[in-house]
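Reading through the structure tokens given below for one structure.
It should be emphasised that the depicted structure is a prediction, and the values quoted were computed from it without experimental measurement.
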Amino acid sequence: MIPTGVGGGVQEIEARERAERETQRLQEELKKAVKASVKEVGTLRKELAVTVPGKVITSHLEYNFDELRQDAFVPGFRKGHAPLQLIQKRYGSDVRNSLKTSIIVQSFFAAMEQHQLDALGDPLFRVSVDDTEKLLSIDEAGAHVKLPDAGDFEYVCEVEVKPKFELPELTGIPIRTPDVESTDDDVEKFILRQRKIRGRYEPLVDAPAGEPDDQVIADVTLKVDDAVVKSEENVQLGVRATRLDGVPLPTLGDVLKGVRAGDERGVECEIPADYERPDLRGKKGRFEFKVQELKRLAPMPLEAFVAQVGAESEAQLRQYVRDDLASERDRLVLRAKKEQVLQHLLDHVPIDLPSDFSARMTDRAVVRRIIELSQSGVPDGEIDARIDALRTSAGEETARELRLEFIFEKVAEKLGVSVTDEEVNSEIARIARLYHRRFDRVRDDLARRGLLPQLAEQIRQDKCVDILLSDAKEVEAEAPAEGRKKPQARTPKEEKE
């Protein structure tokens with residue numbers, strides 16, 4: 001006998017277990033029954049034409065209706081005794097829509113497994129909307145696709161895939177020990193960066209916006225065909241090229257340069273092919289800005305910074321930094337060696353990438369760079385500027401980040417390298433110290449921005465590089481040419497340019 005008050009919970013558990021078994025049954029059937037053809041439609045982009053046999057659909061529709069019949073309450077009938085036709089008429093639409101989503105998702109995975117493809121992200125489905133063929137996400141496509149009343153279910157989708165390549169020999173990578181030295185310029189850069197980290201944005205009243213790090217607070221409206229598509233108040237912008245609402249604005253810096261509070265500006269744009277609204281993709285648009293406020297980063301005053309670090313004078317502060325940089329020489333040399341490992345792999349692993357990166361690929365490169373810059377203690381304003389440049393250029397830097405991601409995913413698999421939660425938390429604590437922030441706030445910020453998985457990937461890459469460096473082959477450094485300066489050291493907090 002089931003104790004009072006427990007029956008409902010037991011029934012829910014049993015229903016959930018039945019649903020899981022049904023999902024597993026669907027997965028296994030589709031792996032065997034799905035037919036799929038693959039066609040190249042671009043670099044790292046495939047088109048899949050998928051066919052799901054009608055008998056699979058019929059089998060699972062019958063099962064779902066039978067399950068629903070046992071649990072549904074239908075007026076005039078005892079539970080579990082309503083006629084099947086009535087159940088189908090009453091709940092048919094909901095059951096078919098739910099099964100449709102499961103079949104699309106599971107058949108896509110089955111087709112990818114059949115052809116040994118590894119997806120970079122979610123597929124886009126080809127559907128007809130108002131007599132126009134479009135590529136939509138599964139959520140968007142759902143309203144335009146339905147399971148057939150009889151016969152096979154067919155659909156076409158496109159998906160970005162990970163490249164296939166072979167790794168070179170990972171032992172014996174040639175490494176040279178560089179001769180590094182710090183300069184007065186390194187000292188000044190280090191001091192300014194620390195002052196920026198401790199600085200704050202202040203209202204800009206008596207001057208127009210002009211520096212890339214200036215903040216322009218504006219009300220923003222996007223118009224397409226003179227109709228307002230989206231409007232948002234108090235959007236924070238830099239005086240530089242950026243991607244706004246997924247739309248690249250390469251000339252925004254020129255447009256906003258010289259603005260003052262109360263000014264209005266506008267910039268023409270082209271809605272990208274992967275924009276969230278399919279009906280706007282490929283159209284011309286215009287962003288309009290009404291400037292509300294300007295701010296400029298004011299680094300901590302040098303005198304205050306001198307006092308905060310405990311120096312008696314600016315001269316003593318510079319000497320502290322100079323001594324610190326000198327003591328960091330071994331770490332700077334190690335960083336240079338690690339960069340040689342990265343470059344060796346880039347040089348020896350040819351990977352074809354699209355000439356025109358999608359927003360999805362660009363975002364993958366962006367999150368890698370955010371983590372790298374954060375690990376190096378780069379001020380937030382400088383990070384924003386570099387990320388805006390990466391989003392809008394999508395050139396060699398984006399390609400480099402993507403190649404390294406693909407390479408080290410395979411390297412980590414070959415070397416058996418993984419990352420623990422303890423290692424992630426340890427790195428978060430180190431980043432928190434760089435920015436003089438609390439651990440929990442840094443972790444919450446990374447989680448909110450969806451960067452924790454990327455941090456773990458970066459830690460994994462660093463561990464792989466350490467292993468490759470331990471197995472590397474030291475070669476003699478080239479003698480510097482006459483008159484050529486020795487390589488300069490980078491400051492301890494400066495990221496790899």
Side-chain angles (χ1 to χ4, degrees), residues 122 134 136-137 139-140 200-205 208-297 357-367 369-370 379-394 441 444-451:
D122 297 330
K134 296 184 177 181
L136 306 179
S137 69
D139 292 334
E140 297 169 330
R200 63 183 181 182
Y201 277 91
E202 297 179 348
L204 185 60
V205 179
E211 298 181 6
D213 290 343
D214 285 349
Q215 287 184 356
V216 177
I217 314 300
D219 297 339
V220 181
T221 300
L222 172 59
K223 292 183 178 180
V224 177
D225 296 332
D226 293 325
V228 175
V229 172
K230 185 171 291 187
S231 183
E232 187 175 355
E233 295 180 346
N234 298 322
V235 177
Q236 180 178 301
L237 305 164
V239 186
R240 55 181 178 264
T242 190
R243 184 182 289 264
L244 190 58
D245 193 35
V247 180
L249 301 176
T251 63
L252 183 62
D254 297 331
V255 170
L256 294 182
K257 191 171 183 178
V259 297
R260 296 177 182 269
D263 287 353
E264 296 185 6
R265 293 286 191 274
V267 60
E268 305 298 323
C269 65
E270 182 173 338
I271 309 301
D274 52 2
Y275 190 66
E276 61 183 1
R277 279 187 53 177
D279 58 311
L280 301 181
R281 295 169 182 170
K283 291 189 174 184
K284 300 292 184 180
R286 178 179 174 83
F287 275 98
E288 296 180 351
F289 308 93
K290 184 173 182 180
V291 180
Q292 300 294 341
E293 185 181 4
L294 304 176
K295 293 183 179 181
R296 178 167 291 172
L297 177 62
F357 295 108
S358 67
R360 178 182 295 161
M361 282 194 173
T362 302
D363 285 343
R364 294 177 76 92
V366 163
V367 294
R369 182 48 55 92
I370 290 174
D380 292 338
E382 190 175 337
I383 290 179
D384 291 341
R386 296 198 191 188
I387 292 309
D388 280 343
L390 185 61
R391 286 187 184 279
T392 52
S393 65
R441 291 185 178 179
D444 289 347
D445 181 59
L446 291 171
R448 177 181 58 80
R449 299 162 66 189
L451 297 177

Compare every heavy atom of [Y] with every heavy atom of [X], then report the nearest pair and how far apart it is.
| X | Y | answer |
| --- | --- | --- |
| P272 | G246 | CG-O, 3.3 Å |
| P208 | G258 | CB-O, 3.4 Å |
| V228 | K223 | CG2-CE, 4.0 Å |
| R296 | L204 | NH2-CD2, 3.7 Å |
| V255 | G266 | CG1-O, 3.7 Å |

Problem - Any residue meeting side chain to side chain donor-acceptor pair (under 3.5 Å) with E270, in chain and number order, not counting sequence neighbours - result: K284
Problem - For D219, all residues meeting side chain to side chain donor-acceptor pair (under 3.5 Å), sequence neighbours excluded - result: Q292
Distance from [X] atom [atom1] to [Y] atom [atom2], nearest 0.5 Å?
| X | Y | atom1 | atom2 | result |
| --- | --- | --- | --- | --- |
| K257 | R240 | NZ | CZ | 14.0 Å |
| N234 | E293 | CG | CD | 8.5 Å |
| D254 | L249 | CG | CG | 12.0 Å |

Exercise for the section: Apply salt bridge (Lys or Arg N to Asp or Glu O under 4.0 Å) to D445 and R449, showing your working. Expected result: CA-CA 6 Å; D445 181 59; R449 299 162 66 189; 3.1 Å; yes
Heavy atoms, side chains only, cut-off 4.5 Å: are [X] and [Y] in contact?
| X | Y | answer |
| --- | --- | --- |
| L237 | Q215 | no |
| T221 | F287 | no |
| V216 | L294 | yes |

With a 4.0 Å cut-off on N to O distance, would you call [X] and [Y] a salt bridge?
| X | Y | result |
| --- | --- | --- |
| E288 | R286 | yes |
| D245 | K230 | yes |
| E140 | R281 | yes |

Handout entry: Expected output: side-chain D214 to main-chain G210 donor-acceptor under 3.5 Å
Key = yes
Handout entry: Audit row: L244, C269, side chain to side chain contact (heavy atoms under 4.5 Å, CB included) steps and yes/no
Key = CA-CA 10 Å; L244 190 58; C269 65; over 6 Å; no
Exercise for the section: Start with the C-alpha gap between F289 and V235, add the side-chain angles, then the distance that decides, and say whether side chain to side chain contact (heavy atoms under 4.5 Å, CB included) holds. Expected result: CA-CA 9 Å; F289 308 93; V235 177; over 6 Å; no
Problem - Working for side chain to side chain contact (heavy atoms under 4.5 Å, CB included), residues E202 and L297 - result: CA-CA 6 Å; E202 297 179 348; L297 177 62; over 6 Å; no
Handout entry: D225/K283 under salt bridge (Lys or Arg N to Asp or Glu O under 4.0 Å): CA gap, chis, key distance, verdict
Key = CA-CA 8 Å; D225 296 332; K283 291 189 174 184; 3.3 Å; yes
